[in-house]
Amino acid sequence: MIDVLYFAWVRERIGLPRERVETSAATVAELVAELASREDRYAAAFADLRSLRVALDQQLADFSAPLDGVREVAFFPPMTGG
Amino acid sequence: MIDVLYFAWVRERIGLPRERVETSAATVAELVAELASREDRYAAAFADLRSLRVALDQQLADFSAPLDGVREVAFFPPMTGG
Amino acid sequence: MQVRVQAEPFDYGAECAGFGDGGRDVGAVVTFLGVVRDDSGQLARMEIEHYPGMTEKAIAAIAEEARARWSLADVLVVHRHGALMPGEPIMMVATAARHRVAAFEAAEFLMDYLKSRAPFWKKEIGPDGAAWVAAKDDDEDALARW
Amino acid sequence: MQVRVQAEPFDYGAECAGFGDGGRDVGAVVTFLGVVRDDSGQLARMEIEHYPGMTEKAIAAIAEEARARWSLADVLVVHRHGALMPGEPIMMVATAARHRVAAFEAAEFLMDYLKSRAPFWKKEIGPDGAAWVAAKDDDEDALARW
């Protein structure tokens with residue numbers, strides 16, 4: 001089980017801020033493929049990975065990163081702070 | 001007649017902050033030559049023009065600048081504000 | 001070093017007054033203040049979402065990198081989240097260093113990294129609804145110089 | 001635009017608090033504060049001489065150039081002269097612009113020009129007497145980038 005968090009328009013498209021996901025995905029990319037195949041709202045949120053960022057246990061990561069030992073995955077658009 | 005002002009170590013070497021000078025010098029360089037020939041303290045102050053700056057009527061200028069119409073000449077070291 | 005992420009407004013003048021008594025080797029203090037801009041005159045408010053937990057860690061890591069790289073005597077980052085009105089302060093950074101070049105560079109480094117590497121997302125609410133502010137390529141490019 | 005040359009201390013926090021209400025198109029404010037540094041712990045005081053009349057004109061010209069070049073909504077320069085103690089504020093600049101890059105660049109431009117083009121001269125008084133602060137080649141070189 002892994003905590004998956006969504007922020008900004010990713011959260012709005014999927015319609016929830018976080019969920020617990022049962023998965024055997026080995027990488028972020030595999031998790032994305034699983035989620036995107038669930039429902040249209042997920043497919044829409046994950047349609048263009050270039051417009052998405054991912055953090056693993058609150059550290060920015062790549063979509064190719066392994067999920068081994070990770071407890072929290074977050075998906076969000078490019079950041080616009082400052 | 002022209003007002004000649006001195007600042008910082010130029011003022012200290014010459015020993016006064018300003019004086020009125022009767023001169024027929026056509027340029028700053030000619031005025032410097034006149035002043036430097038007066039006394040040792042002037043010669044010491046004007047020994048190295050690369051370490052001096054000049055302003056004509058409160059605008060930075062070159063030593064080659066003409067004195068025509070100028071009322072106030074100031075000599076000082078490179079500035080160290082800020 | 002101080003990092004604060006908060007919904008409450010902050011007092012820019014008071015933060016400036018309280019910053020940079022970093023000892024006798026401080027010669028230069030630089031501050032940056034970001035304000036909600038409303039060019040069109042149509043902005044009702046801005047809403048800033050963030051990622052609690054990660055936000056503080058990401059900012060602290062950026063601030064620590066700046067402190068070490070420019071030998072800062074002190075560094076401050078304050079960033080708000082939640083609803084903000086036009087003209088309200090969004091965030092500020094402050095740096096204290098021996099010389100001006102270090103203080104300026106460190107403040108610009110902090111801003112460039114906070115823009116693109118701290119998990120905040122801005123949404124603008126106007127008469128035609130709400131829109132997420134898009135990240136600019138410029139902001140990503142700005143990181144290349146560090 | 002405000003330029004002040006004064007012997008009296010100024011209140012950095014209050015100046016920051018009062019600056020940059022430049023209207024709804026201000027998104028970024030940058031301030032720089034210069035402080036009397038005392039690395040050695042031996043500085044009794046600093047004395048700043050200036051050229052009354054020229055100083056104000058030179059600073060106003062530099063500030064106006066910055067305002068025009070970076071489309072600043074507001075700009076402030078305060079510079080002290082006379083005797084200053086270690087840790088005391090010497091001078092400050094503040095810039096208000098739409099975007100952060102303009103506010104930073106304008107503040108750095110102001111500092112670079114004030115260093116080398118405004119008629120101030122610093123003297124340090126310590127246990128071994130007084131010495132004029134020498135201009136640095138770096139400071140002259142810094143002008144080349146503008």
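None of the values given here were measured: they were computed from a predicted structure. Throughout, a chain's letter reflects where its sequence line sits, starting with A, and its residues are numbered from 1.
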Subject >> Option from D/Glu8, D/Glu47, D/Glu88, D/Glu49 for which salt bridge (charged side-chain N to carboxylate O under 4.0 Å, His left out) with D/Arg80 holds >> reply: D/Glu88
Subject >> Pairs of heavy atoms under 4.5 Å with chain C: top-ranked of D/Leu33, D/Thr31, D/Val35 >> reply: D/Thr31
Original post:
What distance do C/Arg67 atom CZ and C/Glu65 atom CD have between them, rounded to the nearest 0.5 Å?
Top reply: 11.5 Å
Original post:
Hey, what do you get for CG (C/Asp25) to NE2 (C/His99), rounding to the nearest 0.5 Å?
Top reply: 9.5 Å
Subject >> Residues that C/Tyr51 engages under ring-ring contact (aromatic ring centres under 6.0 Å, His included), provided they are two or more places apart >> reply: A/Phe7
Subject >> Interatomic spacing from CZ in C/Phe19 to CG in C/Asp74 - rounded to 0.5 Å >> reply: 4.0 Å
Original post:
Do C/Met92 and C/Phe32 come within less than 4.5 Å of each other through their side chains, counting heavy atoms only?
Top reply: no
**OP:** Please check if the side chain of C/Arg37 supplies one atom and the backbone of D/Arg98 the other of a donor-acceptor pair under 3.5 Å.
**Re:** yes
Original post:
What is the minimum heavy-atom distance between D/Val26 and D/Ala73, and which atoms define it?
Top reply: CG2-CB, 3.4 Å
Original post:
Among residues 129-146 of chain D, which ones touch chain C with a heavy-atom distance under 4.5 Å?
Top reply: D/Asp139, D/Ala142
Original post:
When rounded to the nearest 0.5 angstrom, what distance separates CD in C/Gln2 from CD1 in C/Ile59?
Top reply: 12.0 Å
Subject >> Separation between CG of C/Leu84 and CD1 of C/Ile48, rounded to the nearest 0.5 Å >> reply: 5.0 Å
Subject >> Heavy-atom contacts under 4.5 Å, residues 102-120 of chain C to chain D >> reply: C/Phe104, C/Ala107, C/Glu108, C/Met111, C/Asp112, C/Lys115
Original post:
Do the side chains of D/Val78 and D/Gln6 get nearer than 4.5 Å, heavy atoms only?
Top reply: yes
Original post:
Are D/His50 and D/Pro52 close enough that some pair of their side-chain heavy atoms sits under 4.5 Å apart?
Top reply: yes
Subject >> Considering all heavy atoms, the nearest D/Val93-D/Met91 contact >> reply: CG1-CE, 3.9 Å
**OP:** Under 4.5 Å, heavy atom to heavy atom: which of residues 38-46 of chain C reach chain D? Give them by number, or say none.
**Re:** C/Asp38, C/Asp39, C/Ser40, C/Gly41
